[in-house]
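Data block below; observations after.
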Amino acid sequence: ATIYRWWPAKETLALDALENEWAVGATDPPDTGTLRDDLLALLHPWAHLVTTRPYARVIAALISKAHTDLAFAGEYVARLVTPRRDRARTVFTRAVDRGEIAPDAPVDVALDLIYGPLYHRLLHGHAPVDHAFVDDVVDLALHGILAAGPARPHIPARPTTHTEANPVTAPETSLNGSCSREGGNS
């Protein structure tokens with residue numbers, strides 16, 4: 001009962017613990033002189049860290065809570081997601097300053113390209129999150145980032161509905177989630 005005086009839910013306690021543990025050694029990423037090596041210097045220690053304890057289960061629980069509790073979602077993003085992305089953003093800022101990438105490079109997309117596969121593998125557990133995998137992710141992401149050159153203007157895609165995707169077979173869906181064909185409920 002005492003624990004709930006300090007933390008309203010077990011996920012908040014887990015968030016505090018994870019934030020504190022991951023903050024150890026979280027200084028500015030080393031400046032190695034290249035974007036690739038800066039990213040590896042940032043991500044190799046993280047890959048080692050997440051394989052030393054059952055972090056996948058903890059992160060999965062935090063993500064699940066964040067999807068059902070908007071206040072917790074804000075805390076999760078502010079305390080766990082944003083600091084990691086900001087550290088990586090520092091690496092990309094240096095790369096812009098060194099002339100390695102264009103000043104208008106889509107850094108947020110680059111961060112998703114790098115962190116997405118790492119978290120995917122961590123959460124699904126289908127293969128290890130090791131240094132070789134981190135190297136491959138960074139190399140493949142940088143191949144696209146460096147090849148992109150100056151960013152193109154973003155033209156958002158028009159969302160398609162199920163009916164537009166396949167007007168012959170797609171049932172119409174009402175706001176309450178029920179499906180109908182030609183006005184009748186199925």
Side-chain angles (χ1 to χ4, degrees), residues 1-30 35 38-97 101 103-126 129 133-134 137-138 141-142 144-145 148 151 153-161 173 175-177:
T2 303
I3 202 165
Y4 288 108
R5 269 192 279 179
W6 301 104
W7 294 281
K10 64 184 178 200
E11 292 86 1
T12 309
L13 171 61
L15 180 61
D16 278 355
L18 192 61
E19 178 186 32
N20 288 330
E21 197 161 310
W22 283 14
V24 173
T27 60
D28 283 340
L35 176 57
D38 284 359
L39 286 168
L40 294 178
L42 176 68
L43 297 171
H44 279 162
W46 179 85
H48 175 73
L49 177 68
V50 298
T51 59
T52 61
R53 296 204 177 155
Y55 286 118
R57 289 189 302 231
V58 174
I59 293 169
L62 296 177
I63 291 170
S64 180
K65 177 74 170 174
H67 280 278
T68 59
D69 181 335
L70 290 177
F72 181 80
E75 270 191 75
Y76 173 76
V77 169
R79 295 172 55 197
L80 203 65
V81 176
T82 301
R84 258 132 223 86
R85 290 178 71 88
D86 287 348
R87 290 186 72 223
R89 193 172 278 109
T90 299
V91 168
F92 281 92
T93 300
R94 287 186 204 144
V96 168
D97 293 344
I101 60 173
D104 60 351
V107 173
D108 283 320
V109 174
L111 294 174
D112 290 341
L113 286 171
I114 292 167
Y115 280 113
L118 299 176
Y119 276 94
H120 176 83
R121 190 171 276 199
L122 175 68
L123 291 170
H124 290 287
H126 62 282
V129 179
F133 180 65
V134 171
V137 167
V138 168
L142 287 181
I145 295 163
H154 178 69
I155 302 171
R158 185 175 68 92
T160 58
T161 64
T173 304
L175 291 178
N176 69 5

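Computed over heavy atoms, backbone and side chain alike; hydrogens, waters and symmetry mates excluded. Owing to the predicted nature of the structure, the values given are computational and were not obtained by experimental measurement.
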Just verifying a value: how many Å separate [X] [atom1] and [Y] [atom2], rounded to the nearest 0.5 Å?
X      : Y      : atom1 : atom2 : result
Leu42  : Asp28  : CG    : CG    : 10.5 Å
Thr93  : Leu35  : OG1   : CG    : 10.5 Å
Asp38  : Thr90  : CG    : OG1   : 10.0 Å
Tyr76  : Ile63  : OH    : CD1   : 4.0 Å
Tyr119 : Ile114 : OH    : CD1   : 13.0 Å
Leu142 : Ile101 : CG    : CD1   : 8.5 Å

How close do [X] and [Y] get, counting heavy atoms only, and between which atoms?
X      : Y      : answer
Ala73  : Ala66  : CB-O, 3.2 Å
Pro83  : Ala78  : CD-O, 3.3 Å
Arg87  : Pro29  : O-CG, 3.3 Å
Leu113 : Val137 : O-CG1, 4.1 Å

Kindly indicate, with the supporting measurements, whether the criterion side-chain contact (heavy atoms from CB on, under 4.5 Å) is fulfilled by Asp112 and Arg85.
CA-CA 9 Å; Asp112 290 341; Arg85 290 178 71 88; 2.7 Å; yes
Step by step, would you call Arg89 with Leu111 a side-chain contact (heavy atoms from CB on, under 4.5 Å)?
CA-CA 8 Å; Arg89 193 172 278 109; Leu111 294 174; 3.7 Å; yes
Flag side-chain contact, heavy atom, 4.5 Å: Val50 against Arg121:
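Result no, sub-4.5 Å side-chain heavy-atom pair not found.
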Can you tell if the side chain of Leu118 reaches within under 4.5 Å of the side chain of Leu122, non-hydrogen atoms only?
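With C-beta onward as the side chain, the pair stays apart.
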Would you verify whether the NZ or CZ of Arg84 falls within 45 degrees of the ring axis of Tyr115 while also being under 6.0 Å from that six-membered ring's centre?
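Because its charged atom misses either the 6.0 Å distance or the 45° angle limit, Arg84 does not stack over Tyr115.
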In a check of side-chain contact (heavy atoms from CB on, under 4.5 Å) between Phe92 and each of Asp108, Asp97, Ile145, which one passes?
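For Phe92, the side-chain contact (heavy atoms from CB on, under 4.5 Å) check succeeds only for Ile145.
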Test side-chain contact (heavy atoms from CB on, under 4.5 Å) applied to Val134 and Trp46, step by step
CA-CA 10 Å; Val134 171; Trp46 179 85; 5.8 Å; no
Could you go through the ring-ring contact (aromatic ring centres under 6.0 Å, His included) check for His120 and His124 one step at a time?
CA-CA 6 Å; His120 176 83; His124 290 287; 4.4 Å; yes
